[in-house]
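Per chain, numbering begins at 1; letters A, B, ... match sequence-line order. Quantities reported herein were computed from a predicted structural model and do not represent experimental measurements.
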Number of protein chains: 2
Amino acid sequence: MTETSWHEELRARGYRVTPQRQLVLEAVKALEHATPEEICTRVRETARGVNISTVYRTLELLEELGMVTHTHLGHGAPTYHLASDADHVHVVCRVCGEISEVRPDLVQPLVDGLESELGFATDVHHLTVFGRCRNCR
Amino acid sequence: MTETSWHEELRARGYRVTPQRQLVLEAVKALEHATPEEICTRVRETARGVNISTVYRTLELLEELGMVTHTHLGHGAPTYHLASDADHVHVVCRVCGEISEVRPDLVQPLVDGLESELGFATDVHHLTVFGRCRNCR
DNA sequence: ATATGTGCAAAGAGTTTGCAACGGT
DNA sequence: ACCGTTGCAAACTCTTTGCACATAT
């Protein structure tokens, strides 16, 4: 998606293009796997303050527009990243917390199975696999 | 695990067998996929009150002992169930909230792939797949 | 000009913790 | 009797909401 096309997208739906929204999107883009808090902190470094509640509202909006997605990588806050960067599956070690990303084709058999058995459309972006990594087993 | 063997297990580790712990375990067994709140409510029906913080502490203990596990089936509180009942994967529709359980062998290719590629030991019990069900796509 | 968006503060879920009293062993 | 366990209340984290003011269109 180009810089201007999502501006159009917003306006077409009656939403407005605000500095806060641009800053939040840039932070999501730059940070990768960032929590709302982290995004807020990052945005505040760029002089113009943004309230945490605006960050929540903006993330909700951007997610609705399909520009970002979130995943739960642990027990705390969810992490957000660009939907276009989301073509991977998260693998999280519950002992050391290490986060790996693996090729989505590893889950293809699962996706296909759910499709044929349940008619279920898996949201691969949101999938997180917990377990123990090589070092922690 | 028999009724008495986990009593032994507790005592062997220096923990005590209390009515609260027995009631919480029974509630987890009976309710399946229950949140701490729901477990607390259920236990309170059996006359003897149990505080919500005791429920949290007990679930943590039972999980450490490997008797129960939890999963995140949505944005709210986690749900607990007996570890021995955990031989299934949860599939959750993000539109209607419907929860299905599927055979663990559907994820076997994923588990094997993570094992061989990363040396990663997947916790299948904790795996939840989000997406859209047949009716909601 | 007008309706959407923002900041602020307060409320709301869900969870954890400190401490005195309680009760298994 | 000892020490783990509980209840209670308070603190804490993460998130949502109401409302007056600000601002994109």
Side-chain angles (χ1 to χ4, degrees), chain A residues 3-4 6-25 27-28 33-44 46-65 67-68 70-80 97, chain B residues 3-4 6-25 27-28 33-44 46-65 67-68 70-80 97:
Chain A
E3 182 65 21
T4 52
W6 73 274
H7 291 186
E8 311 284 304
E9 171 92 22
L10 278 177
R11 283 192 268 257
R13 300 218 206 177
Y15 297 119
R16 294 176 182 172
V17 178
T18 65
Q20 288 89 336
R21 287 179 178 164
Q22 299 181 62
L23 288 166
V24 168
L25 182 57
V28 171
H33 303 146
T35 62
E37 274 293 336
E38 290 163 347
I39 291 167
C40 195
T41 301
R42 164 83 179 209
V43 165
R44 282 175 175 162
T46 317
R48 326 170 71 148
V50 169
N51 192 276
I52 183 71
S53 61
T54 299
V55 172
Y56 277 103
R57 287 187 280 228
T58 301
L59 288 171
E60 187 182 358
L61 175 64
L62 295 177
E63 188 151 30
E64 185 192 321
L65 293 177
M67 305 187 54
V68 308
H70 77 270
T71 315
H72 297 273
L73 295 183
H75 281 154
T79 58
Y80 287 79
Chain B
E3 182 65 19
T4 50
W6 72 274
H7 291 186
E8 312 284 303
E9 172 92 21
L10 278 178
R11 282 192 270 258
R13 301 218 203 177
Y15 298 120
R16 292 175 185 173
V17 178
T18 66
Q20 288 90 336
R21 288 179 176 165
Q22 299 181 64
L23 288 167
V24 168
L25 182 58
V28 171
H33 303 145
T35 62
E37 274 294 336
E38 290 164 348
I39 291 166
C40 194
T41 302
R42 164 82 177 210
V43 165
R44 281 174 175 161
T46 318
R48 328 172 71 151
V50 169
N51 192 275
I52 184 70
S53 59
T54 300
V55 172
Y56 278 103
R57 287 187 278 229
T58 302
L59 289 172
E60 188 182 357
L61 175 64
L62 294 177
E63 189 152 29
E64 185 192 320
L65 293 176
M67 303 188 57
V68 308
H70 76 271
T71 315
H72 297 272
L73 295 183
H75 281 155
T79 58
Y80 287 80

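- Looking only at side-chain heavy atoms (C-beta outward), Val55(A) and Val43(A) stay at 4.5 Å or farther from each other.
- The side chain of Thr18(B) contributes no N or O atom lying less than 4.0 Å from OP1 or OP2 of dG4(D).
- Heavy-atom distances to DNA chain C give each of Val55(A) and His72(B) a nearest nucleotide, and the one nearer the 5′ end belongs to Val55(A).
- If you take CD1 of Ile52(A) and P of dC14(D), they are 10 Å apart, rounded to a whole angstrom.
- Considering only side-chain N and O atoms, Arg11(B) lies under 4.0 angstrom from the phosphate OP1 or OP2 of dT25(C).
- For the pair Tyr15(A) and Glu9(A), the minimum side-chain heavy-atom distance is 4.5 Å or more.
- The listed nucleotides are dG14(C), dT16(D), dG7(D); the one nearest the side chain of Val50(B) is dG7(D).
- Taking atom CZ on Arg13(B) and atom C1' on dC3(D), their separation rounds to 19 Å, with Å as the unit.
- Base engagement by Arg57(B) is indicated by at least one non-hydrogen atom pair under 4.0 Å involving a base atom.
- With rounding to whole Å, Leu59(B) atom CG is found 14 Å from dT16(C) atom C1'.
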Steps toward side chain to side chain contact (heavy atoms under 4.5 Å, CB included) verdict (Leu61(B), Leu10(B)):
CA-CA 10 Å; Leu61(B) 175 64; Leu10(B) 278 178; 4.1 Å; yes

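- Look at Gln20(A) and you'll find a side-chain N or O under 4.0 angstrom from OP1 or OP2 of dG7(C).
- Using a 4.0 Å heavy-atom criterion, one finds that Gly14(B) contacts the sugar-phosphate atoms exclusively.
- Between the base of dG5(C) and the side chain of Arg16(A) there is no donor-acceptor pair shorter than 3.5 Å.
- Not one side-chain nitrogen or oxygen of Asn51(A) sits closer than 4.0 Å to the OP1 or OP2 atom of dT6(C).
- Residue contacts for Ser53(A): at a heavy-atom cut-off of 4.0 Å it reaches a base atom on one of the strands shown.
- For Tyr56(B) and dT15(C), the shortest distance from a side-chain N or O to OP1 or OP2 is below 4.0 Å.
- For the pair Gln22(A) and His7(A), the minimum side-chain heavy-atom distance is below 4.5 Å.
- Within the 4.0 angstrom heavy-atom criterion, no nucleotide atom of any strand lies near Glu37(B).
- In this structure, the CG atom of Leu61(B) is 11 Å from the C1' atom of dT5(D), given to the nearest Å.
- The distance between atom CZ of Arg21(B) and atom C1' of dG7(D), rounded to the nearest whole Å, is 14 Å.
- Counting heavy atoms of neighbouring residues, nucleotides and ligands inside a 6.0 Å radius, atom CD of Glu63(B) exceeds 12 of them.
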